[in-house]
Amino acid sequence: QATLTQTARQAEMAGSPLNQFLTKNPTDAVATILKSQNSQAAVGRVMEQLRDNPASLAAFKRSVVEWFRGSIENAGVQPVSGEPFQSFAKLKSIMDNKLPTLRQIFTPAEIDVMQAFADQMGQEARVMGSKPLGSNTFANLASRYLVDRATNSIAPMTGKNVSSMTPGLS
């Protein structure tokens with residue numbers, strides 16, 4: 001009986017976006033789901049399946065935050081802090097193209113934090129784009145602080161406060 005139930009559950013999960021989440025590295029699975037042609041429908045199915053399981057939902061949200069952080073990073077590191085560069089263009093693309101999908105995952109307050117973060121990075125990008133010469137150390141640290149503040153606000157259940165590892169920002 002138990003084997004039959006398990007086989008039925010596996011068959012049910014076979015075509016599910018949640019199956020991707022359970023059988024892969026969670027961040028890679030989230031990337032697959034969010035990059036899919038119809039990410040809203042895929043996330044809707046995942047959220048429906050996770051609705052009654054708070055621990056799995058929290059793990060899914062953590063994986064989305066990790067995907068978000070990784071998706072806005074560029075190659076290379078900042079010279080002073082050693083942290084990865086963040087790309088406003090990548091952030092803008094996510095906010096323009098995936099906001100309806102992200103709204104299914106995060107609370108309105110968490111979405112507000114993401115939008116405030118995107119607005120601040122946009123202002124920073126305009127300032128940096130207009131500055132022809134000079135040090136950008138402060139802007140790099142400020143950018144990293146914004147990323148840390150936003151992602152720590154969105155997913156405090158990760159148990160990791162990244163800003164405390166950045167010198168001068170704890």
Side-chain angles (χ1 to χ4, degrees), residues 1-74 83-123 125 143-166:
Q1 182 70 17
T3 304
L4 186 58
T5 303
Q6 183 178 5
T7 303
R9 186 71 169 144
Q10 287 173 336
E12 177 185 323
M13 298 288 289
S16 163
L18 187 57
N19 185 48
Q20 294 175 344
F21 179 68
L22 295 174
T23 60
K24 290 184 179 181
N25 170 317
T27 304
D28 293 344
V30 164
T32 300
I33 292 168
L34 292 174
K35 290 179 182 177
S36 67
Q37 289 283 337
N38 192 354
S39 62
Q40 278 185 272
V43 166
R45 289 191 302 272
V46 168
M47 295 303 289
E48 179 67 27
Q49 292 173 351
L50 295 177
R51 181 181 54 203
D52 296 327
N53 189 335
S56 294
L57 181 58
F60 181 69
K61 287 176 96 171
R62 277 194 304 272
S63 296
V64 173
V65 169
E66 290 172 19
W67 168 82
F68 179 81
R69 289 180 70 113
S71 295
I72 65 171
E73 291 179 351
N74 278 336
E83 296 291 335
F85 287 111
Q86 291 82 40
S87 167
F88 172 68
K90 290 179 180 181
L91 174 64
K92 182 171 176 8
S93 176
I94 289 170
M95 296 303 284
D96 288 349
N97 299 317
K98 297 299 178 183
L99 188 57
T101 302
L102 295 173
R103 285 185 192 281
Q104 292 178 278
I105 301 167
F106 297 107
T107 66
E110 291 167 336
I111 293 294
D112 289 346
V113 169
M114 292 175 79
Q115 289 180 313
F117 166 66
D119 292 345
Q120 182 64 36
M121 274 200 71
Q123 290 174 353
S143 174
R144 188 64 198 175
Y145 172 74
L146 289 171
V147 170
D148 291 344
R149 193 174 84 197
T151 56
N152 286 334
S153 295
I154 292 169
M157 72 287 291
T158 61
K160 180 179 175 187
N161 184 343
V162 181
S163 63
S164 65
M165 298 186 302
T166 306

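Look at Glu48 and Arg51 and you find a salt bridge, because one of the NZ, NE, NH1 or NH2 atoms lies within 4.0 Å of a carboxylate O, short of that distance.
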- [ ] Under the side chain to side chain contact (heavy atoms under 4.5 Å, CB included) rule, what do Val46 and Gln104 come out as? Steps first, then yes or no, please.
- [x] CA-CA 10 Å; Val46 168; Gln104 292 178 278; over 6 Å; no
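Note that the CD atom of Gln49 and the CZ atom of Phe60 stand 10.5 Å from one another [nearest 0.5 Å]. Within the model, atoms CZ of Phe68 and CE of Met95 stand 6.5 Å from one another, a figure rounded to the nearest 0.5 Å. For the atom pair Met114 CE and Asp119 CG, the distance stands at 12.0 Å (nearest 0.5 Å). Separating the CD1 atom in Ile94 from the CH2 atom in Trp67 is a distance of 4.0 Å, to the nearest 0.5 Å. Taken from CG in Leu91 to CD in Glu73, the straight-line distance is 12.0 Å, to the nearest 0.5 Å.
With respect to Ile33, the side chain to side chain contact (heavy atoms under 4.5 Å, CB included) criterion is satisfied by exactly one of Asp28, Val64, Thr101, Val43: Val43.
Minimum interatomic distance between Ile72 and Lys90 (heavy atoms only, all atoms of both residues): CA-CB, 4.0 Å. Taking both residues in full, the closest heavy atoms of Leu34 and Ile105 are given as CD2-CD1, 4.4 Å, listed atom of the first, atom of the second, then distance. When all heavy atoms are compared, the tightest approach of Lys98 to Ser39 is NZ-OG, 3.1 Å. Here the closest heavy-atom approach between residue Ser87 and residue Met121 is recorded as C-CE, 4.2 Å.
Using a 4.5 Å cut-off on side-chain heavy atoms (C-beta onward), Leu99 and Gln115 make contact.
For the pair Lys61 (side chain) and Phe106 (backbone), a donor-acceptor distance under 3.5 Å is absent. The main-chain N or O of Ala59 is found under 3.5 Å from a side-chain atom of Ser63 such that the two form a donor-acceptor pair.
Taking the salt bridge (Lys or Arg N to Asp or Glu O under 4.0 Å) definition, one finds that Asp52 meets it with nothing, sequence neighbours left out.
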